[in-house]
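Input: a single structure, listed below in structure tokens.
Just so it is clear, the structure is predicted and the values come from calculations on it, not from any experiment.
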Amino acid sequence: MAKGRRRIEPTFDEPSHAKASRGLSLSDADRVVPPRTKTARRKPTKSRRRRRGGVIALAGRLVYWCFILAIWVGIGTAGLVAYYGAKMPSATTWAIPDRPPNVKIVAVDGSLVANRGMTGGEAVGLHEMSPYIPEAVMAIEDRRFYSHFGIDPLGLARAMVENVFSGRVNQGGSTITQQLAKNLFLKPDRTVERKVQEVLLALWLEQKHSKDQILEMYLNRVYFGSGAYGVEAASRRYFGKSARDVSLAEAALLAGLLKAPSRLSPARDPKAAEARAQLVLAAMRDQDLISGKEFAHAKDAPAARAPAYWTGSEHYVADRVMEELPDLIGEVGADVIVDTTIDLTLQKLAEASIRRLIAEEGAKLDVTQGALVSIDNSGAVRAMVGGADYANSQFDRAAEARRQPGSAFKPFVFLAALEQGRTPDSVRNDAPIRIGKWTPENYHGKYYGKVTLTTALAKSLNSVAAQLAMEVGPATVVETAHRMGIESKLEANTSIALGTSEVTPLELTAAYVPFANGGYRPDVHIVQRVTTASGEVLYENTGGSVTRVLKPEIVGMMNAMMRETLKDGTARKAAFGWPAAGKTGTSQNSRDAWFVGYTANLTTGVWFGNDDGRPMKKVTGGALPAQAWHEFMLAAHEGVPVAELPGGWQRSAPADAAPVPPEEVSAEAVETPLPVAKPARAVSGGSAMPAVENSRTGSIKAPVPKVGVGEKGSGKGSIMDVILGN
């Protein structure tokens, strides 16, 4: 800087007149940030035009973003469909799975015994079932069924709105087609994958099948609760009738179950089921499917639930049939009809008798269970009651429970003795006897001295039975019992004379049949014929040849002896006016009580006892079993001509071996029986049993009625006639 020159500093906010005198100055305009000045605020203008423009702009933006969202949702949905669809098999391989086969089990007159199989009921055509059923189902499940294409967008939207307003899921958007697709192909998983696959399968079903076919498949497969799949099974389960005969009120109840079959089942909650049925009726009225009069009548007369479905003793029969069926026809691959030999009238009567006696005497005598088996001379089982109440216990005591028969086994001991040369007039000394370390005693310790074999069997004298078993040998007794029809393992010891080896009521009764039919052992059977629904015979019991196991004279002797049991022996309560014979049996401490008896028509065995082997209170075979036998046989022979027992043996002066004195017998004597004639084996093999004319009951007129698919018959006609309603 030059000496003598003065530095000029810049100044701000000086008056304007100084600009000219000084060389450098800045004004407010030269500031980087202008100074704050107080200015008046402008009030916003409330213009309707500007507000209207803002709303339109907002709506436009909303529409725009909704459109964008819809595009992305569509893209996402398409992606999900493509992804989950790719995981499914090719549509060309899709096929409707076969409906699980049903086994329809019928009695000799064509009446239904039971349905077995996964469905529990036969398939019923849409045109066969009550028209109320499909109408009720569509009204509550899918009112637009006949107008949509497998998926119902309107129904789905309606369900969504209803659920939003109610705050919970009250309605589902699935159509009947979608529900069928789920039931046929998919697991009940609540996943997006299953829902996508359900939609795809529903569209495929609609392309491949008509609406009627889809509805029919649905109604025959859908679950109705309480183990019932399909309308036929459900109708019989809840109302005891076919789906063909269902009323409006009953149809409404069935349709109402589909929402929650287990929870709404009338077997579980009758009130909830009825409340739901009322909603179904209201929906049917709103859609003009029923008139106001029909609505009022159905509302005032709600569906009456049938008695407990699983209480009938006929279900023991059905279980037995299902056990035998694989051996007869192999695996069941389609619906079949099984004609049984069961007389359902006698079955119900036998059940009622067993139940009544237990109800009246059970508490007093400490008895809780009973069983009954009745077999005709051809081997056909006419009645089989496996317990007092199937609902409480499905264990079949008639065919599966092995119990000690007691004195009911003695006829085989006496039979073996007769076959070795003794007669009903042979004499033995009824007195205390000791065999090795075993001392058999008579009931109440009463002895009669010298008695004939007839008296000994009629009065069930243990001493004499033990002597005979020792004479003929235990092994011979075992062989004789097996030849007659006993199948269980028997211990070849002397105590077998008193029935210490266990047998089932079915086999013990079957072993008495040769006494009733003249000495033949028939094939004991409960299945007469098995056919397909179209009438093809898969199996038929033709009888064929049977084995004669007893000589006619031996049959006559045994019948003469066992007739005395009902006349003047331990089973006097069983007599009912017909020529009959039989034997009572009571195991140790009254744990089992038996009576097995027969006429020329039927052989029937009855057992009473407790499942846990607990002793009853002095119950003998001549008490409850004889009473039940009397009631059953009296009804079974009502109106049937009286027939004599076969054999016709005439009593003559005794001329056989002298009686064995009541003394102690060594163990060696048990193993070495007295030298007598050889026991008889099967008298002839494969001989044809004569036609049994008298094997009739009050309900049936022939031993093996020809009632079945495609055959003409008396009474109610063939099974197909029953099915088709002809």
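Residues K459 and T570 have side chains that never bring a donor and an acceptor to within less than 3.5 angstrom of each other. Looking only at atom types and distance, the side chain of S495 has a donor-acceptor partner in the side chain of T500 under 3.5 Å away. Looking at T547 and R521, their side chains never bring a donor and an acceptor atom within 3.5 Å of each other. In summary, the side chains of Y598 and N559 do present a donor paired with an acceptor at a separation below 3.5 Å, with no hydrogens or angles considered.
Taking the charged nitrogens against the carboxylate oxygens, E314 and K348 do have a contact shorter than 4.0 Å, which makes a salt bridge. A salt bridge between R397 and D611 is present, with a side-chain N of the basic residue lying under 4.0 Å from a carboxylate O of the acidic one. Salt bridge E471/R428: present, at least one basic N to carboxylate O contact under 4.0 Å. Note on K573 versus E631: no salt bridge recorded, every NZ/NE/NH1/NH2 to OD/OE distance being 4.0 Å or above.
The environment of CD in Q588 is sparse: at most 12 heavy-atom neighbours from other residues, nucleotides or ligands sit within 6.0 Å.
Just one of W594, F595, W578 meets the ring pair (Phe, Tyr, Trp, His ring centres under 6.0 Å) condition when paired with W629; it is F595.
Relative orientation of the F412 and F515 rings is parallel, given thresholds of 30° and 60° on the angle between their planes.
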T599/V642 under side-chain contact (heavy atoms from CB on, under 4.5 Å): CA gap, chis, key distance, verdict: CA-CA 9 Å; T599 65; V642 176; over 6 Å; no

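Residue pairs meeting the salt bridge (charged side-chain N to carboxylate O under 4.0 Å, His left out) criterion with at least one member in residues 577-600, sequence neighbours excluded: R403-D592.
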